[in-house]
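Convention: sequence-line order gives letters A, B, ...; per-chain numbering from 1.
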Amino acid sequence: MIIKGGFVYDPANGVYGEEMDISIEGGKVVEESRDGKEIDALGMLVMPGGVDAHAHIAGAKVNCGRIMRPEDGRRGIEPKTKLLRPQTGYTVPNCYAVGYRYARLGYTCAFEAATPILESRHTHEELEEIPIIDKGALTLFGNNWEVLECVRDGDLDKLAAFISWGLSASRGYGVKVVNPGGGEAWGFGGNVKGIDDPVPNFGVTPREIIRGLMKANEILRLPHSVHLHTNNLGKPGNYETTLATLKAVEDIAATRDRQVLHVTHMQFSAYGGTGWRDFESKAPEIADYFNSHAQFTMDMGQLIFGSATTMTADAPLEYGNARLLHAKWSNHDIELEESSGVVPLVYGRKMPINAIQWAIGLELALLTKNPWQVIMTTDHPNGGPFVNYPEVIALLMSRAKREEELASLHELASKRSSLPSIEREMDWNDIAIVTRAAPAKILGLPEKGHLGLGADGDVAIYDINPTDLDPSKDHSKVKEAFAKAKYTIKGGEVVVRDGEVVAVPQGRTYWVDASVPEDQAAKVKADLVEKFAKYYSIQMSNYMVQDAYVTHPRVVKAGVI
Amino acid sequence: MIVEDVLCPFCGCLCDDIKVEVEDDKIVGVKRACRLGSSKILGHERTKAPMVRVDGELVETTYEEAYDRTARILKGAKRPLLYGWCSTVCETHKKGILLAEEVGGVIDSTATVCHGPSIIGIEEKGLAGSTLGQIKNRADLIVFWGANPAEAHPRHTMRYSSNSSGMFTPEGRRGRKVIVVDVRETRTAKNADKFLLIRPGTDYEVISALRMIVADKGDLVPDYVAGVAKADLEEVAGIMKAAKFGALLFGLGMTHSRGRYKNVDNALSLVADLNGFTKFVVMAMRGHYNVAGFGQVSAWETGFPMSVDFSRGAPYFNPGETAACDLLARKEADAMMVVAADPASNFPRMTVEGMAEIPVIQIDPFPNPTTLLADVVIPSAVCGVEAEGTAYRMDGLSLRMKKVVDSPYPTDEEIIQNILDRVRRLGDDN
Amino acid sequence: MREIRVVPRRDFRVPVEAEKISPDIFAPLTIEEIRKVEVWEGNRKQALIDLFEISGDGDPAKPEEVLIKLDGNFSRVKRVGEKMTCGRIGALGDIGMHAGNGMAGGEIAIKGSAGDWLGREMRGGKITVRGDAGDYVGAGYRGEACGMRGGEILIEGSAGDYLGEHLCGGTITVLGNAGDFPGIANRGGVIVIGGDAHLPGAEMASGTITVRGRARVLPSYQYQETVEIDGLSLKKFLGDLVDNGKGELRVASVEERGA
Amino acid sequence: MMISGRTLGQGATSEAKMSTEFFRATSFCALSELDYNALGVSEGGNVLVRTKFGEVVVSAKKDKGLPSGVIFIPMGPWANALVGPETGGCGTPQFKGVEAEVEETKMVVLDVRELFADLKAGAETS
């Protein structure tokens, strides 16, 4: 296949809007294709397929959201067609809708942001049902008893061996850490207040857990860094915890060419104020720090007005949310490993807190100078559903749009954030970075997010001419074009044409097989045998995700040896 | 040969430590399972061959003929009902949902006659739950409400709840309090530290009174609530608040009684309230080993956990309108396929009358009263014994069921796929 | 008034979903066009004319001038008058589930009885039922915070369970009895029940519920005073206190509390 | 008040419903000692249970755990002969708490096949 004549944005390869052809064969970008297929992209915007590095799209939490929210299910209903299964849901779409809707946005890859090992089988059952896109899942480690014990004992090699085992048991891709220590404390209804607050019964602090996991992550040379949801997330004044966390790990170096730590949905961790009354943005402080610390990355966690379903392994946060908002509340504790919560809510334009939160996400993206450090997410569906990415793109590209929006919001959005004074407007290249090139780089996916030779043949073509359209003024056209890709090509196959899904191939599932020395593996195994005998409610032999649940694996090797 | 760590295909406990002794591909012994599980794994009388009803009598036929008949019945129906799914694996559920989409039918699970009301309650309030191991390791208080695990989930107390031990519960039963709330003194109640006898149909009022007392508004509660002395309620509320980790485990006593899903709704609120004081979780004691699995699969496939109507091509969900009992009681279903369940026994007699007048297809390893009403009977392999696949435990944990011995019968999944293929072919002919 | 008469050609076993039987839909259409309007019988799409005889004034009119007369057994015809904004529907006999779903204006008058979910998520207009109504009158969709938000429903007979569940506005009057949990999770609507009811006002946040017959009152309601309304002496309660509710429940005859 | 529910015996035979074990496990009615004696049922005798939805003959048993006024029949076709079809708008019949009358009877308990015999036959002739 040859994609002819488009304006190509491929920032990873230094291509900035050049009119050039892209050839794909055997699912990969090649020098020259001879199959005779041609896609006419003349005058259109061509980018690598989008990559979402953080979304909640599969697993127990997501399904809990569906089950407790039939009122969400009735939104976004589309009947079956000859080709497509029926779609339901807006914030918690069914699996088919997840795949179709990503593809329609020109996205070809998305990672589920949190799976507990014990419930990973479920996560993979859902990932298997999501059509078209490639996917993976980040495994939760921040409250696991074995992790807490290894950290307490200062045994990093054993910790690395456990991570290796946990990734393999969960068929997971990387190390996700959510409110480290807080999830364990929630086992008895408690929480941790900051990075130096000891975890009850385990004699470790969040600081030690984060440092330990980061070091072990680097020992294993994993493709992705630790992916951190900070302590005190969602609370006024938490930017101090966030900055303290980053300062606590400045001395740790990455063992691969990538960030050493990814702080996720930073919008929820960049709050000032002593309470909700004097709640304000501290995004400038966070962005300043990132501007002088290139080893860290983050994603926006942009808020979208309207319905959202918050779901996170930060269970104490969710209980607080539910009581505050008098909302439905689901909680799910996972023995020895994690806890999580799900709370539906509505973000209102006239709600002062929500309006400020909305501004914070944009501030973070626009004030952080290097677009490779801050990627676009809505922390789907926590900040809002991913189908709103075109809206976020338009906001990032147009100050005029931001001003229009600000005018419709509670006035505190302007007073308690720096957004009104921010002039920066992202260009096409920036957008290509924050929506595909950087997420792929941050996740450590060398064949994603770019169109160089050997890259996956994943391409998004948008019906927009970047040379004659001013995104600052014509932001509604930008939004429209990104909402319905003219073509989405996945592995060399046209899956979307004119915004409609036309093919539904099965995507692959990435997971990391990280090797460790046998003696370390044996030490961990002995610990685990004891844990299963005494504490787990299932047998060890039934724990690991069987191969039957990952039918199209893409195994990435890493490890000590 | 001993097969280790086999999962038990009986109740929602989904015990995964069963040892099955196999000789010459026959099961000769079962260890560790309870009476219910052993009985299932050791096996019962089977339906030997596919059958179709001819002149009022079921006569043996081929699988091909049975599939063809089934496909024609489903394809010809305006409101086919695809019901059951509790005693089969999730792989079957996926195929079943696809078939329901294909024939524009209504698909529903046995949840609608057990914990369907619990799910509707969750839709109102959410569910503050946990895995069973969390209860085992932490709970110092277990409340069984309208649940009788001694009869329905025999190993539950030992493995997961009142009598289990774990990290923070090394003393097991001695370190725990057990409260039972029920309308009769069950075997479970006899093992309780506190038994609260309530009258049938008064759960909602009793829970409201407990919520008042928990919130320190007990002075406004009358001296007796539905016949229960306030002092007893104060004692129960006191034990709940004093617990470090409490677990409210409820059964059909709550969902089958007057108030139905509102009882559950109120209980979920009670647990949410209690979390303002201590840690509390709540769980439905699911009956069949994979009735929870259907809810999970249906939710991710269709957005809704049960009672999904595909008549108009898009899922529509409304138990009370689209549940199996509704369709049959109102006699609006014009064909029914029953998979891995026995509605003829388990539905009210007057509802079963709605089955008697329409073509019924049964897919099941065993003969039962549904067979007596069936027009097509397709015997299948027993999941978890003769076929592998996924099942969800009552706490939502998914596990892989093992295949222990070979079977001469096709699996449920294969059967549904065969029917699906034929339905599609019929569609192409039209 | 432009009158259009709709008569079922037969008794339906499989329910018919006919949300298009509505003044808003019929108004701009000629009779010929109305006959071609699509409805569903189970999983089959049908033209209205396949299932019903349609007669009446042929020329298009404004929707507020349309009267649709339903003559015959409509007990299995669902969603009639869904989202209608004006005009009138008159049913001479019974009507099926979901009549007046999300209705915003106009009037539905039913001489027989109505099925479940009458006036679900109604926002305005008026529904009257000469006979009985089923469960979930004026209620919401599963999981939603709000059911009926405005308008008026009058039932001359009795109503089923969950009358006005999640009511966020509007008025429901039942001259006969109501079933279990009328006004549950009421958030500002008004319910008047002429006869008896079981556990009214559970989790009521605001609004009023009046039971002019006998009712069992939840233990989470606080007795306040006895008031006189329309010549009837009623005991007034505040609740539901499990949710710090400020709803007002008035009951003529209270089942002995605690019994 | 009739309630139905699970028992060990019912569970162990629930996939062998055509067996005599299932019949034995589910075709009885448990009564409080007080009620049992008041009805004057002889040892091993039967009772006729009637609700507004139907009636069924089952054998009678004493159960010390039952309060007077509450009877228990294991989940199954005998209990379900007494349960109403309405689902109260939520899809689930009310299997527990059905108003019932019980009287001593000399009639025999029908077995599974007999219990369903009229249904299919009745439907086909209608």
Under the side chain to side chain contact (heavy atoms under 4.5 Å, CB included) criterion, do B:Leu373 and D:Leu119 qualify, and how do the steps go? CA-CA 8 Å; B:Leu373 303 180; D:Leu119 266 186; 3.9 Å; yes
Is chain D contacted by the side chain of [X], its backbone, both, or neither, given a heavy-atom distance below 4.5 Å?
| X | value |
| --- | --- |
| B:Ser87 | side chain |
| B:Pro117 | both |
| B:Ile120 | side chain |
| B:Ala150 | backbone |
| B:Ser307 | neither |
| B:Leu328 | neither |
| B:Phe347 | backbone |
| B:Arg260 | side chain |

Could you grab the distance from atom [atom1] of [X] to atom [atom2] of [Y], nearest 0.5 Å is fine?
| X | Y | atom1 | atom2 | answer |
| --- | --- | --- | --- | --- |
| B:Arg330 | D:Glu86 | CZ | CD | 11.5 Å |
| D:Ser19 | B:Asn368 | OG | CG | 11.0 Å |
| B:Leu252 | D:Phe95 | CG | CZ | 9.0 Å |
| D:Asp63 | B:Arg184 | CG | CZ | 6.5 Å |
| B:Thr371 | D:Arg113 | OG1 | CZ | 8.5 Å |
| D:Phe116 | B:Thr370 | CZ | OG1 | 7.5 Å |

Who wins among [options] for the most heavy-atom pairs under 4.5 Å with chain B?
| options | answer |
| --- | --- |
| D:Gly5, D:Ser4, D:Gly84, D:Pro93 | D:Pro93 |
| D:Thr87, D:Val56, D:Val83, D:Val112 | D:Thr87 |
| D:Lys64, D:Arg6, D:Met1 | D:Arg6 |
| D:Gly97, D:Gly9, D:Gly69, D:Ser32 | D:Gly9 |
| D:Ala16, D:Gly88, D:Cys90 | D:Cys90 |
| D:Ser14, D:Gly54, D:Pro77, D:Ala79 | D:Pro77 |

Flag side-chain contact, heavy atom, 4.5 Å: [X] against [Y]:
| X | Y | value |
| --- | --- | --- |
| D:Pro67 | B:Leu197 | yes |
| B:Ser345 | D:Asn80 | no |
| D:Lys17 | B:Asp342 | yes |

Check whether more than 12 heavy atoms from other residues, nucleotides or ligands sit under 6.0 Å from atom [atom1] of [X], and answer yes or no.
| X | atom1 | answer |
| --- | --- | --- |
| B:Lys190 | NZ | yes |
| B:Lys331 | NZ | yes |
| B:Glu57 | CD | no |

Hey, does the side chain of [X] reach the backbone of [Y] with a donor-acceptor pair shorter than 3.5 angstrom?
| X | Y | value |
| --- | --- | --- |
| B:Glu151 | D:Leu8 | yes |
| B:Asn346 | D:Gly76 | no |
| D:Thr92 | B:Thr112 | yes |

Apply salt bridge (Lys or Arg N to Asp or Glu O under 4.0 Å) to residues B:Arg349 and D:Asp118 and explain how you reach the verdict. CA-CA 12 Å; B:Arg349 167 88 182 189; D:Asp118 59 315; 2.9 Å; yes
Nearest heavy-atom neighbours spanning D:Ala12 and B:Arg35: CB-NE, 4.0 Å
Closest non-hydrogen atoms of B:Cys325 and D:Gly91, given as atom of the first, atom of the second and distance, are CB-O, 3.8 Å
What part of [X] is in contact with chain B, defined as an atom under 4.5 angstrom from a non-hydrogen atom: side chain, backbone, both or neither?
| X | value |
| --- | --- |
| D:Gln10 | neither |
| D:Val70 | side chain |
| D:Leu66 | both |

Name of the residue among B:Lys40, B:Arg46, B:His44 meeting side-chain hydrogen bond (donor to acceptor under 3.5 Å, both in side chains) with D:Glu15: B:Lys40
Residue from B:Met355, B:His256, B:Glu185, B:Glu321 scoring the most non-hydrogen pairs under 4.5 Å with chain D is B:His256
Below 4.5 Å, heavy-atom pairs only: which of B:Pro369, B:Ala329, B:Cys34 has the largest tally toward chain D? B:Pro369
Run the side-chain hydrogen bond (donor to acceptor under 3.5 Å, both in side chains) test against B:Thr88 and tell me which residues pass, sequence neighbours left out. B:Thr92, B:Asp412
